Structures are given as structure tokens and as C-alpha cells.
Asks: 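The structure that follows is given in the form of C-alpha cells.
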Amino acid sequence: MLSTLLLNTCIAAFCKCRRLAKAEAVIIDGIRLGVLPDVVTYNTLVDAYCRIVGLDEGYSILQRMREAGITPDVVTYNSLIASATRKRLSSRVLDFFDEMLQAGIPPDLWSYNTLMHCFFKIGKPDEANRIFRDIILSDFPPCPTTFNIMLNGLCKNGYINNAIMLFRNLEHHRFVPQLITYNILINGLCKARRLRAARKTLQKLGESGIEPNAITYTTVMKCCFRSKQYQKGLEIMSLMRSKGYTFDGFSYCTVIAALVKTGRVEEANSYMEKMTTNGIELDLVSYNTLLNWYCKEGDLESAFKLLDEIEKGGLECDQYTHTIIINGLCKAGNFESAQRHLETMNVMGFDSNLVALNCLIDGLGKSGQIDRAIRLFDSMEVRDSFTYTSLVYNLCKARRYKFASELLLSCVRDGMEIPKSAKRAVLNGLRGLGLIHEAKNLQSKIRMARILR
DNA sequence: GTAGGGTTAG
């Protein structure tokens with residue numbers, strides 16, 4: 001006899017492997033046999049539609065639910081809130097929260113955890129912190145996930161010292177860190193270039209008796225590549241392969257991107273082959289990695305062919321995809337197409353693209369169009385250290401050291417770091433022109449700016 | 001039903 005429990009198990013299984021039509025068919029079969037869907041059935045569907053199709057489609061299940069005489073519960077809304085959070089749609093998150101309260105459904109700890117995650121994700125750590133304090137002071141005892149979200153949010157928003165403190169406090173509160181907790185902190189420390197602390201945390205993980213997983217290894221491997229320890233990074237990849245941890249595209253993309261970046265395209269190619277022959281389904285990030293590899297090779301024809309393939313396959317290109325293409329066009333000296341592509345991005349509703357503008361600045365400078373690069377620089381509302389570095393280097397190349405020196409100083413005064421090599425290029429240039437006093441002056445001004453900030 | 005790793009620029 002088919003029961004609702006069995007029906008729900010069956011539907012959950014189909015949803016998990018993204019077969020929504022099958023899941024719907026099971027519901028219809030169930031109704032025919034007299035087994036009616038319940039709130040769990042619909043909640044499973046809401047979550048699946050949100051993940052696989054989209055937030056609006058997930059929300060439309062709510063209507064179907066009501067028509068079937070079933071009242072949504074806190075789980076229904078939590079799924080919607082989580083989906084809006086994943087998409088960074090903060091106003092939708094707040095709307096769902098309101099709607100839930102209006103419907104008389106009290107939020108639970110999961111709702112607050114997700115809300116906290118949402119605030120971190122949209123770069124509002126103070127708001128997230130407020131929710132965290134509310135949870136601590138409320139009747140809900142926080143759960144490990146609450147701390148994990150907090151720890152991750154602190155790391156991602158640049159509060160690494162607070163994250164370290166929270167981790168220590170966890171131990172004081174006898175909250176045993178989970179593997180996910182270690183992974184969050186190790187990743188945060190690696191990204192903040194606190195390598196010694198990362199190593200210590202990794203050691204602690206080993207002492208705890210928990211086995212590191214694929215995520216731990218990918219994190220550490222990426223950190224090796226970032227700190228130019230390529231051999232060590234590749235050794236970790238071999239280790240991962242022998243342990244069977246290369247079952248998805250994450251490790252491959254990390255390795256391939258690192259090799260492409262350093263110009264080792266042949267080796268990148270061999271990993272690309274390994275990835276495809278191992279039957280790993282390519283997702284957008286893998287395609288982006290592949291696309292970047294074509295661009296680096298200067299094979300724009302294949303890149304555009306791949307772009308077509310991605311879109312025909314039903315994947316939606318993202319900011320990375322377009323930026324990689326723009327960078328490829330710049331490297332090929334086709335600035336008009338690059339600029340057109342950037343404008344198309346704006347029309348498509350993407351936010352202004354600082355990375356792409358930086359690619360344009362650098363490309364223009366390198367191709368000798370320094371004045372055009374300066375005009376673009378002047379027109380930019382937001383600039384970062386890449387913007388300054390590119391222009392400073394290219395001004396040096398054009399022997400305009402005085403201008404380069406002014407830019408270098410305003411970069412440091414704005415609190416941004418610039419590579420030592422860029423600073424050296426300016427100082428050597430000034431000295432080369434016999435402007436010894438100016439060079440000394442620049443050095444002391446940079447020192448002063450660093451002290452004052 | 002919430003949390004962790006991969007893709008772009010100097």
C-alpha cells in the first residue's frame with residue numbers, strides 16, 4: 001500500500017536528481033491511487049523548483065499548495081528565503097519574512113540563520129551581527145550552523161581576526177568544531193594570506209581525528225597556487241586523485257586555472273582531458289575555465305564557439321564568462337569589440353564591471369594607446385589597486401614617470417596597496433631621468449601616507 | 001529546509 005511517507009521519499013529522490021517532471025508524475029499517480037500530497041510533499045517541491053528552475057517558480061508552488069488546501073509552514077518559507085539568499089535578492093528575503101509573519105507563521109532558528117547568512121552575503125555584516133546577537137539572547141539556543149554561518153560571514157567580509165576569536169570562543173563554549181567549521185576558517189585564513197595560522201588550523205584538524213575532505217584539499221591546493229608553490233599544489237592534486245577526491249570539477253578547475261595563469265597551457269590541457277575523460281559534467285565554472293584557456297591561447301574563434309555551446313546548452317553566462325571574453329578581446333587588441341561586449345553586459349543588467357575595465361586599461365596601455373587608457377581611467381567611478389597598478393606600469397612604459405608617481409601616491413593615500421615592482425618601476429624611472437630628489441620625495445610621501453592611514 | 005572548496009584583471 002502506497003503511503004504518503006513513501007510518496008514523499010520517492011518525490012525527494014527524483015527532486016534530488018533534478019527530475020522534476022518525474023516528481024510531478026509521481027504526485028499524479030499518487031492522487032489516482034488515493035494518496036494525497038501533504039505539506040512535506042509541497043515543501044520538497046518548493047525547494048526543488050527554487051534550486052532547479054527559479055525563485056518565482058518555487059513561489060508559484062505556494063499557490064498550488066493553497067489551492068490544494070494545504071497551509072504553507074515555516075519550512076516552506078525557509079526554502080524561499082534560502083533561495084533568495086543564494087541569489088543575493090535581499091529585498092525578496094525581507095518580503096518573504098514579512099509574508100511569513102503576516103501569515104502568522106513564527107520564524108524558527110533556521111529562518112534567522114538564513115537571514116544572517118543573507119546579510120553577510122550582501123555585505124551588511126553589522127545587520128548580520130545584530131541577528132546573531134538576537135539569536136544568542138533569544139529562546140532559541142544557537143546550533144553549530146549558526147556559528148558556522150557567523151564564522152564564514154566574518155571571513156568573507158574581511159573580519160579574519162574576529163573569526164579567529166569566534167573560533168577560539170567556540171572551543172571555550174565546548175562547541176566541538178566540525179569539519180565544515182575547520183574548512184571555513186582554513187579558507188578564510190588562506191584568503192587573508194595568514195598562512196602560518198592556516199597551517200596551525202590544519203594541524204589542529206589533524207589532531208582532532210577528523211579526516212579532511214575534498215573541500216579541505218581544494219582549499220589548501222588553491223592556497224599553494226596563490227603563494228606560487230606550484231609543485232606542492234600539483235602534489236596535492238595527485239593525492240586527491242589517488243584518494244578519489246576528484247569526483248567533481250572543483251579540483252580540476254583550480255589546477256587548470258593556475259596552470260593557465262602561469263602560461264603552462266600544455267599541462268592545463270592534460271588536466272582538461274583528464275577532467276572530461278573522467279566523465280565530469282561541465283558546469284558554468286568549468287566552462288569559464290575552458291573559455292579562459294582558449295582566450296589565453298589566443299584562439300578566440302574556439303572561445304566564441306564555446307560561448308555559443310554554453311548558451312545553447314541552457315546555461316546562463318555570468319559575470320565571469322563575459323569578463324573572460326572581454327579580457328580575451330583586449331589581449332587580442334580588439335578594443336572596439338571589447339567595449340561593445342562591455343556595453344552589452346550593461347544592457348543585460350550586469351552591474352558595472354571593474355575587472356573588465358581594468359583589462360581595457362591594461363590592454364590599451366600595452367598596445368601603446370596610453371592616452372586612451374588615461375581617458376578611460378578618468379571616466380571610472382570606482383577604481384581598485386589593479387586599476388592603478390595597470391596604469392602606473394603603462395605610464396612607466398611610456399616614460400611618463402611624473403604622472404606615474406602622482407598616481408602611485410594617490411593609490412597609497414586611498415589605502416590601496418600596489419606591488420613593490422610597480423613602485424620600483426616608478427622610482428627607477430625618476431632616477432633614470434636624474435630626478436633623484438623627486439624619487440626620494442616620493443618614497444617619504446608613501447611612507448607618510450601609510451602611517452597616516 | 002540553513003553553513004564550507006573551483007572560474008576574470010596588474
Side-chain angles (χ1 to χ4, degrees), chain A residues 40 43-44 46-48 50-51 73-83 85-86 108-118 120-121 143-153 155-156 178-188 190-191 213-223 225 245 248-258 260-261 283-293 295-296 318-328 330-331 353-363 365-366 384-394 418-419 421-422:
Chain A
V40 176
N43 284 346
T44 310
V46 169
D47 188 63
C50 281
R51 283 175 196 276
D73 64 5
V74 65
V75 177
T76 325
Y77 278 98
N78 285 349
S79 286
L80 292 166
I81 292 168
S83 172
T85 297
R86 279 193 295 271
D108 63 4
L109 181 60
W110 286 57
S111 326
Y112 287 110
N113 282 345
T114 314
L115 186 62
M116 194 168 84
H117 181 213
C118 175
F120 273 128
K121 220 171 165 174
C143 65
T145 306
T146 312
F147 289 108
N148 289 335
I149 293 174
M150 189 66 192
L151 192 70
N152 184 45
C155 290
K156 294 275 159 67
Q178 307 160 308
L179 178 56
I180 190 167
T181 322
Y182 282 103
N183 285 345
I184 290 169
L185 187 63
I186 292 168
N187 185 41
C190 286
K191 293 260 160 74
N213 64 1
I215 296 180
T216 327
Y217 281 106
T218 317
T219 306
V220 176
M221 179 168 73
K222 163 105 181 161
C223 185
F225 290 135
Y245 280 166
D248 59 18
F250 279 81
S251 53
Y252 284 105
C253 288
T254 312
V255 173
I256 294 165
V260 168
K261 203 168 202 154
D283 61 4
L284 186 61
V285 177
S286 330
Y287 275 119
N288 286 344
T289 310
L290 200 60
L291 202 62
N292 191 43
W293 177 68
C295 288
K296 189 84 175 183
D318 65 0
Q319 179 113 350
Y320 282 86
T321 324
H322 295 295
T323 311
I324 289 165
I325 290 285
I326 293 171
N327 183 37
C330 287
K331 291 282 183 294
N353 189 341
L354 181 58
V355 178
L357 287 168
N358 288 345
C359 293
L360 271 161
I361 297 245
D362 192 56
K366 282 205 173 98
D384 66 1
S385 104
F386 280 85
T387 328
Y388 280 97
T389 311
S390 292
L391 198 55
V392 166
Y393 269 128
N394 285 303
I418 199 156
S421 53

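Predicted model, so just to flag it, every value in this text is computed and none were measured.
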Asks: Has the side chain of A:T389 got a donor or acceptor atom sitting under 3.5 Å from an opposite partner on the base of B:dG10?
Replies: yes
Asks: What's the closest nucleotide to the A:F386 side chain, out of B:dG10, B:dA3, B:dG4?
Replies: B:dG10
Asks: Determine the contact category for A:I180: base if any of its heavy atoms lies under 4.0 Å from a base atom, sugar-phosphate if only primed atoms, P, OP1 or OP2 are that close, otherwise nothing.
Replies: base
Asks: If we count only N and O atoms by modelled type, under 3.5 Å, do the side chains of A:S421 and A:Y393 hold a donor and an acceptor together?
Replies: yes
Asks: Would you classify A:L291 as touching base, sugar-phosphate or nothing, given that sugar-phosphate means primed atoms plus P, OP1 and OP2, and contacts are heavy atoms under 4.0 Å?
Replies: nothing
Asks: Can you tell me how far C1' of B:dA9 sits from CG of A:N288, to the nearest Å?
Replies: 15 Å
Asks: With a 3.5 Å cut-off and heavy atoms only, can you find an N or O donor on one side and an acceptor on the other between the side chain of A:D384 and the base of B:dG10?
Replies: no
Asks: Side chain of A:T323, base of B:dT8: donor and acceptor closer than 3.5 Å?
Replies: yes
Asks: Which residue, A:D283, A:T323, A:I324, forms the side-chain contact (heavy atoms from CB on, under 4.5 Å) with A:N288?
Replies: A:I324
Asks: May I ask you to say what A:D73 touches in the nucleic acid, namely base, sugar-phosphate or nothing, with a heavy-atom cut-off under 4.0 Å?
Replies: nothing
Asks: Quick one: A:F225 CZ to B:dG5 C1', roughly how many Å, whole number?
Replies: 14 Å
Asks: If you compare every side-chain N and O of A:N292 against the phosphate oxygens of B:dT8 (OP1, OP2), does one of them come in below 4.0 Å?
Replies: yes
Asks: Please work out if A:K121 contacts a base, only the sugar-phosphate, or nothing of the nucleic acid, heavy-atom cut-off 4.0 Å.
Replies: nothing
Asks: Which nucleotide wins on minimum distance to the side chain of A:T218, given the candidates B:dG5, B:dT8, B:dA9?
Replies: B:dG5
Asks: With respect to the side chain of A:N327, which nucleotide from B:dG6, B:dT8, B:dA3 is positioned closest?
Replies: B:dT8
Asks: So which nucleotide from B:dG10, B:dT8, B:dA3 ends up closest to the side chain of A:V355?
Replies: B:dT8
Asks: Measure from the side-chain heavy atoms of A:N183 and tell me the nearest of B:dG5, B:dA9, B:dG4.
Replies: B:dG4
Asks: Could you check whether the side chain of A:S251 and the base of B:dG5 have a donor-acceptor pair of N or O atoms closer than 3.5 Å, going by distance alone?
Replies: no
Asks: Rounded to whole angstroms, how far apart are CH2 on A:W293 and C1' on B:dT7?
Replies: 15 Å
Asks: Once you apply a heavy-atom cut-off of 4.0 Å, does A:T145 come out as touching a base, just sugar-phosphate, or nothing?
Replies: base
Asks: Less than 3.5 Å between a donor and an acceptor, one on the side chain of A:N394 and one on the base of B:dG10, is that the case here?
Replies: no
Asks: Using ring-ring contact (aromatic ring centres under 6.0 Å, His included) as the criterion, list what pairs up with A:Y245, not counting sequence neighbours.
Replies: A:Y217
Asks: Apply ring-ring contact (aromatic ring centres under 6.0 Å, His included) to A:F225 and list each qualifying residue two or more places apart in sequence or on a separate chain.
Replies: A:Y230
Asks: Without swapping roles, check the side chain of A:D73 against the backbone of A:T76 for a donor-acceptor pair under 3.5 Å.
Replies: yes
Asks: Nearest to the side chain of A:K261, heavy atoms from C-beta on, is which of B:dG10, B:dG6, B:dA9?
Replies: B:dA9
Asks: Side chains of A:K296 and A:N292: is there a donor and an acceptor less than 3.5 Å apart?
Replies: no
Asks: Taking the minimum atom-to-atom distance to the side chain of A:A257, which one of B:dG6, B:dG10, B:dT8 wins?
Replies: B:dT8
Asks: Taking atom types as they are modelled, is there a donor-acceptor pair under 3.5 Å from the base of B:dG5 to the side chain of A:T254?
Replies: no
Asks: A:Q178 has a side chain; which of B:dG5, B:dG6, B:dA3 sits nearest to it?
Replies: B:dA3
Asks: Once you apply a heavy-atom cut-off of 4.0 Å, does A:S286 come out as touching a base, just sugar-phosphate, or nothing?
Replies: base
Asks: Measure the distance from NZ on A:K191 to P on B:dG6 and round it to the nearest whole Å.
Replies: 4 Å
